[in-house]
Amino acid sequence: MTGSIAEKTDQYVVHTYARAPFVLVYGDGMTVTDENGKQYLDFASGIAVNALGHNDAEIVAAVQEQVAQLSHICNLYYTAPQANLAEALCQCSFADKVYFCNSGGEAVEAAIKFARKYARSTVGPGKTGIVAFTGGFHGRTAGSLAITAREKYQAPFRPLMPGVSFAPFNDVAAAEKLIGPETCAVFVEPVQGEGGIHIATPEFLAALRDACDRFGALLVFDEIQCGMGRTGKLWAYEHTGVTPDMMAVAKALGGGLPIGATLVTERVAEVMQPGDHGSTFAGGPVICRAAEVVLKRVSQPELLAHVVTMGDLLKERLQELPSPHIQEVRGLGLMVGMELDIEATPLLNAGYEHGLLLLNAGPNVLRLLPPLVVDETHIDHLIATLNVILSEVDAA
Ligand SMILES: *Cc1c(COP(=O)(O)O)cnc(C)c1O
């Protein structure tokens, strides 16, 4: 069976992913089950998506009710779920208004367009420069790829959107040199995910805020991975006291269904007119019902406190692992990276054999993004299994 599904996929689906050698059919809480009944403890959350675990009863009920009532109608009409979700997102953040879309890349893409229109409306057509940072990841669509400083991702697709320059992450002086009168926006992840779990210093974000204010540029936080409670606060920027003008959100927002959102302040929203941007599916009633449930649950102080406790425990236990290959354990809340002096991929593969879903972030960083509902018994199991895996790697 695995052979036939894998063969069919490889024959008919474009090869843009390296896939694990099993077929998943079912998920429940912290575990997923493959077609042979083998269970896997999930420390990946579908890349930071399943914040409440798999098949959460409240999400399932909201989706089932809405899909039977009105599943799609497009943005020519008003619907209550979209209005309610937009209100909830504004009430729990810096934002005054929300633009809905269907993915993280699209949320970044919208922020690029908003920044360009804002600069053109407030200053003129020459203010088009964008500054982003090394190690950042913002997506794979044309615009979001252009602001993602990774040669391997960009090279086959040049020429990319012009006007983008990159400074080293957390380097205040280098960023201040690049941000000037021609800059329309600065894009940064408060905690870099794909780039290896690197936390922006509060001084760095504050310096970006100052430079943006000095030159009338918009500061954009990409919280697609680090937002929605992942770091122990609802938004990662809350750790720093610096607020952005725009913020891209996606991944966990839908609890497993696809949604993106670009959160903006009123002065940014004001420049956008009907027809300037849009999407057929965006902000549909079913996904907005699901997202309302997720946002309500991950905003609860008890859950956020749980993320802090579990994140500290996870880091502590990883640090205690007796492997000489561990160089550093770092992270915020349940966004944790373990830097190794060996490749992470063999550990991921060994994890599959031992019933564990793990992620990497770059070649040498093992990345852990469990559902936020993870508990101590799951962490115990992870650590015991990693212990075995790390000694197997040495024996091989
Ligand atoms: C995943 C991710 C994106 C892209 O989101 P997609 O939904 O895959 O398009 C952008 N920025 C960050 C920080 C991400 O983690």
Side-chain angles (χ1 to χ4, degrees), residues 14 16-19 44-51 99-115 130 132-150 152-154 157 160-161 164 166 169-170 185-200 205 208 219-231 235-237 239 244 246-263 279 281-284 287 290-291 294 331-337 359-362 365 367-370 372:
V14 177
T16 58
Y17 308 100
R19 291 181 200 265
S45 304
I47 315 185
V49 169
N50 301 99
Y99 170 80
F100 287 116
C101 51
N102 310 288
S103 68
E106 277 181 71
V108 169
E109 209 71 38
I112 294 171
K113 284 183 71 175
F114 293 3
I130 294 176
F133 299 95
T134 56
F137 181 84
H138 301 292
R140 298 166 186 278
T141 58
S144 62
L145 174 65
I147 66 169
T148 293
R150 278 233 240 163
K152 192 181 115 188
Y153 293 164
Q154 291 192 339
F157 307 106
L160 301 170
M161 176 180 74
V164 183
F166 297 106
F169 187 64
N170 272 339
V186 175
F187 282 75
V188 66
E189 291 164 86
V191 184
Q192 290 187 335
E194 303 300 312
I197 313 294
H198 295 286
I199 304 168
L205 295 181
L208 297 182
L219 180 59
V220 188
F221 286 170
D222 181 341
E223 293 222 10
I224 291 165
Q225 190 162 149
C226 62
M228 292 298 290
R230 173 61 53 189
T231 67
W235 308 116
Y237 74 76
H239 293 278
M246 288 197 266
M247 180 166 76
V249 180
K251 290 207 163 95
L253 178 58
L257 296 183
I259 185 171
T262 309
L263 279 59
S279 157
F281 287 121
I287 177 62
V294 181
L332 204 53
L334 285 168
M335 190 168 180
V336 174
L359 293 168
N360 65 320
V365 177
R367 177 172 45 153
L368 300 153
L369 301 171
L372 306 184

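Position 1 is the first residue of the sequence, and the numbers go up from there. Indexing begins at 1, ligand by ligand and atom by atom, following the structure's order.
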Qualifying residues under side chain to side chain donor-acceptor pair (under 3.5 Å), relative to [X], sequence neighbours excluded:
{"X": "T231", "value": "H239"}
{"X": "E189", "value": "none"}
{"X": "Q225", "value": "E194, R367"}

### Message
As a test of reading the model: which residues have a non-hydrogen atom less than 4.0 Å away from ligand 1?
### Response
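For ligand 1, the residues that come within the 4.0 Å heavy-atom cutoff are S103, G104, G105, F137, H138, G139, E189, D222, I224, Q225, K251.
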### Query
Is the charged tip of R140 near the ring of Y153: under 6.0 Å from the six-membered ring centre and within 45° of its axis?
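Yes, R140 lies over the aromatic ring of Y153.
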### Task
May I ask you to test the D222-F187 pair for a side-chain heavy-atom distance under 4.5 Å?
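Not in contact.
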### Query
Shortest non-hydrogen contact from F133 to L208?
CZ-CD2, 3.7 Å
